[in-house]
Amino acid sequence: MVEQPIQARSTSARLGGCWTTYLGAAYGVLTSAGMISLTLPEMAGMTGMAFQLYAHKRCKAASVTVYDWAGRHLNALDRIGILSETYHYEPNMRSYEAARKHAVFAIKRSIDRGIAVIAWAIDNGEFGVIYGYDDEDGIFLVDGVDKFNRPFGSDPMLYDNIGAKFPPAPILHYQIPLASVAYDREKTYMDSLRFYVREMEKTFHVSPEYHSGLLAYELWIHALNSGDYDSFGLRYMTSVFAEAKMMAAQYVKQLADTWGGLSGIADAAERFDRISSLFSTMMTEVLAQDWHGAKHLGKPVTPDQAKRLVPLLHQARSLESECVNTIKNSITNGGK
């Protein structure tokens, strides 16, 4: 009897409910594959994704995704003991089209092993999950943000459309988890806090139009004061970073409650909680947004709303600066 080639296969992986869609996709893939047993806030903190804060000078929506994907995503999963392969190709690269063709083979091979794939441009300009395929129709089965905004969720994606579903940024970027390995959780805790300090203190991020950490706050505040901001992007980045600050606060509180590796962690946890509250106020009281879907993102941000955001951002920045100094001094003094 001749064995027939596999024509279709799928996994149980789905996009996790999270505004930072790379994090949600990675969490869904790794949980489905049995590679991690972390809560979402734990993963957000340990990988450092909860500590990212980036801003464009006009608060464009790209603020949250303009960073070194290839290096950052490989490093994020490595921190939690995940060996992975990360592929990143852009249209100006000579091998871009060849890489898109190879991606079909590589993604199907991973799904045949029972492991879904994290990928950019699932539905639109967001990360999502490729969880299955069907050779007869030439499609990938995908789960992206359309699941939150449409009754029937994400449409299947043609093999030929891999990396090209979002024309403003037709980037082929996907990550395939290969194996989980043992790792030192305490080292990961320390690495995550060092990453937080570095990201907050960075003096250059990608280009002069973008900043990270404490300088991102200044760029954000300047845009609001000048009135030169993109309303959609402002609402979007507020949602993303408000959720990230909430997960950061939960993660650092957990460290304060269960881990004695850093002397100033309890003080930092208290400040992170206050920062999270400020971002929640920005989100729900000033911008009148909720956490469900994107129905608020198309609304304008009025000059009065912009004005009311400014003192909240000043307070958050001051608390972040205190957190940075507390954590940095504790690390310098030997941790405990």
Enquirer: Output yes when K101 and E97 qualify as a salt bridge under the 4.0 Å nitrogen-oxygen rule, no when they do not.
Expert: no

Enquirer: Name all residues meeting the side-chain contact (heavy atoms from CB on, under 4.5 Å) criterion together with N92; count only those two or more places apart in sequence or in a different chain, and write none if there are none.
Expert: E90

Enquirer: Which residue pairs pass the ring pair (Phe, Tyr, Trp, His ring centres under 6.0 Å) test when at least one of the two sits in residues 226-258, sequence neighbours left out?
Expert: none

Enquirer: Could you list the residues that satisfy side-chain hydrogen bond (donor to acceptor under 3.5 Å, both in side chains) with Y22, not counting sequence neighbours?
Expert: Q175

Enquirer: Is there any salt bridge (charged side-chain N to carboxylate O under 4.0 Å, His left out) pair reaching into residues 159-179, and which pairs are they, with sequence neighbours excluded?
Expert: none

Enquirer: With sequence neighbours excluded, tell me which residues meet salt bridge (Lys or Arg N to Asp or Glu O under 4.0 Å) with D155.
Expert: R150

Enquirer: Only counting residues at least two apart or in another chain, list the ones meeting side-chain contact (heavy atoms from CB on, under 4.5 Å) with E243.
Expert: C18, W19, M246, M247, W291

Enquirer: Going by the rule salt bridge (Lys or Arg N to Asp or Glu O under 4.0 Å), which residues pair with K187 if we only count those two or more places apart in sequence or in a different chain?
Expert: D191

Enquirer: Which pairs pass salt bridge (charged side-chain N to carboxylate O under 4.0 Å, His left out) with one or both residues in residues 68-83, sequence neighbours excluded?
Expert: none

Enquirer: Answer yes when E218 and R317 have at least one side-chain N-carboxylate O distance shorter than 4.0 Å, and no when they do not.
Expert: yes

Enquirer: Sequence neighbours left out, what pairs pass ring pair (Phe, Tyr, Trp, His ring centres under 6.0 Å) with at least one residue falling in residues 174-201?
Expert: F51-Y196, Y87-Y174, Y189-W259, Y196-F272

Enquirer: Go through the structure and list residues passing salt bridge (Lys or Arg N to Asp or Glu O under 4.0 Å) with E85, not counting sequence neighbours.
Expert: none

Enquirer: Determine which pairs satisfy salt bridge (charged side-chain N to carboxylate O under 4.0 Å, His left out) with at least one residue from residues 221-238, sequence neighbours left out, and list them in order.
Expert: R58-D228

Enquirer: Do the charged groups of K202 and E199 touch, with an N to O distance under 4.0 Å?
Expert: yes

Enquirer: For R198, check salt bridge (Lys or Arg N to Asp or Glu O under 4.0 Å) against everything at least two apart and list the hits.
Expert: none

